[in-house]
Amino acid sequence: MKKQIVLPLFWLLLSIALLSCSALKYAESSQESNKRMQDLTIALVEKSNQSYTNNALQVTILKDSFNAVINTEKLRGKWNLPTVNMWTQMNGLVTDFENAWKAQNTFSPVFIDEYKQRVNKLFDYIINLEENKFKPKN
Amino acid sequence: MLQTIIKDILTDATSQIAVLAESTVSKYKKQAVADGKKIVTNMKNDLTRWISMLEDRKLTTAEFELLVKSYKTQIVMNGLLLAGLSEIRAAEFGLGVLNIVTDVALTLVEKAAGKLLSPSI
């Protein structure tokens with residue numbers, strides 16, 4: 001009788017434990033994507049001393065990549081909501097940047113240097129959050 | 001004049017942090033507000049430099065606004081990082097509890113199986 005209760009309870013608890021663990025698991029692919037997106041964003045900021053018109057396509061590609069990352073992060077489940085929200089914030093930042101670039105056509109070198117530091121700082125939040133998720137023990 | 005502008009901006013930003021924390025990370029509001037204030041204090045150096053660049057016309061108004069706006073994003077990101085880390089810590093604790101329960105359940109199952117297999121006297 002005792003065994004009839006304990007065994008299903010054990011499997012139930014084990015399943016919950018495994019599910020919780022996988023929901024918050026560190027993903028190497030996500031971290032690589034975070035760093036790649038950081039590089040791409042910085043590369044675009046560096047190009048903003050040139051005319052927006054000449055770089056409009058790159059901006060669209062970057063924004064599409066942001067949306068793809070947001071969708072991928074959403075698939076990691078509800079525990080990953082802070083990461084998803086961080087990406088949404090970054091997406092907003094890129095949209096503001098695009099609108100200002102479009103309006104002004106080129107940015108000053110002084111601004112580009114300052115903004116690169118800001119973008120790097122913000123990406124650090126996404127990278128740090130991923131770094132703190134559960135890492136499988138080797 | 002520059003110092004007065006900076007003081008006004010910092011005071012205004014600080015008062016808005018609590019409202020922002022309430023809407024983004026209400027559960028961790030206290031720490032979010034403390035961290036937000038720390039960001040605002042750190043912002044002072046950047047802000048002083050940017051206002052000086054603005055006055056020297058090295059930055060346009062739109063560029064200045066974009067830089068300041070990036071700090072607003074940073075305050076929100078900080079709140080989200082805090083919320084994310086708290087969730088990770090809570091889940092770690094939950095997993096610890098589950099591990100204990102699992103171990104206990106396993107021991108009970110082993111004992112029960114042992115009794116079933118052991119020859120009766």
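Every chain is numbered from 1 and lettered A, B, ... according to where its sequence line falls, protein lines coming before strand lines. Quick note: numbers below take in every heavy atom, side chains included, and nothing from hydrogens, waters or symmetry partners. The shown structure was predicted, so the numbers you read here are calculated from the model rather than taken from an experiment.
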Do side-chain atoms of A:Ser108 reach the backbone of B:Lys58 as a donor and acceptor pair under 3.5 angstrom?
-> yes
pair [X]-[Y]: side-chain heavy atoms closer than 4.5 Å:
X        : Y        : value
A:Gln117 : B:Asp46  : no
B:Met53  : A:Phe111 : no
B:Ser70  : A:Leu93  : yes

Is there a donor in the side chain of B:Glu63 and an acceptor in the side chain of A:Tyr115, or the other way round, less than 3.5 Å apart?
-> no
To the nearest 0.5 Å, what is the distance between [atom1] on [X] and [atom2] on [Y]?
X        : Y        : atom1 : atom2 : value
A:Gln89  : B:Lys72  : CD    : NZ    : 8.0 Å
A:Phe107 : B:Leu59  : CZ    : CG    : 10.5 Å
A:Asp96  : B:Thr73  : CG    : OG1   : 7.0 Å
B:Tyr71  : A:Lys121 : OH    : NZ    : 8.0 Å

For the student: nearest non-hydrogen atoms of [X] and [Y], plus distance:
X        : Y       : result
A:Leu122 : B:Gln74 : CD2-CA, 3.4 Å
B:Gly84  : A:Pro82 : CA-CG, 3.7 Å
A:Ala100 : B:Leu66 : CB-CD1, 3.6 Å

Chain B heavy atoms under 4.5 Å from A:Gln104: which part of the residue, side chain, backbone, both or neither?
-> side chain
Report yes or no: do [X] and [Y] belong to one cluster of Ile/Leu/Val/Met/Phe/Trp/Tyr joined by side chain heavy-atom distances under 4.5 Å?
X        : Y       : result
B:Val76  : A:Ile70 : yes
A:Ile112 : A:Ile42 : yes
A:Ile127 : A:Phe66 : no

CA sep, side-chain torsions, deciding dist, call: B:Met77, A:Asn85, side chain to side chain contact (heavy atoms under 4.5 Å, CB included) | CA-CA 8 Å; B:Met77 298 276 262; A:Asn85 288 339; over 6 Å; no
Pair B:Leu81-A:Met86, side chain to side chain contact (heavy atoms under 4.5 Å, CB included): steps then yes or no = CA-CA 8 Å; B:Leu81 178 69; A:Met86 280 189 180; 3.6 Å; yes
Relative to chain B, which of A:Tyr125, A:Trp101, A:Phe97 shows the most heavy atom pairs under 4.5 Å?
->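 Heavy-atom pair counts peak at A:Tyr125.
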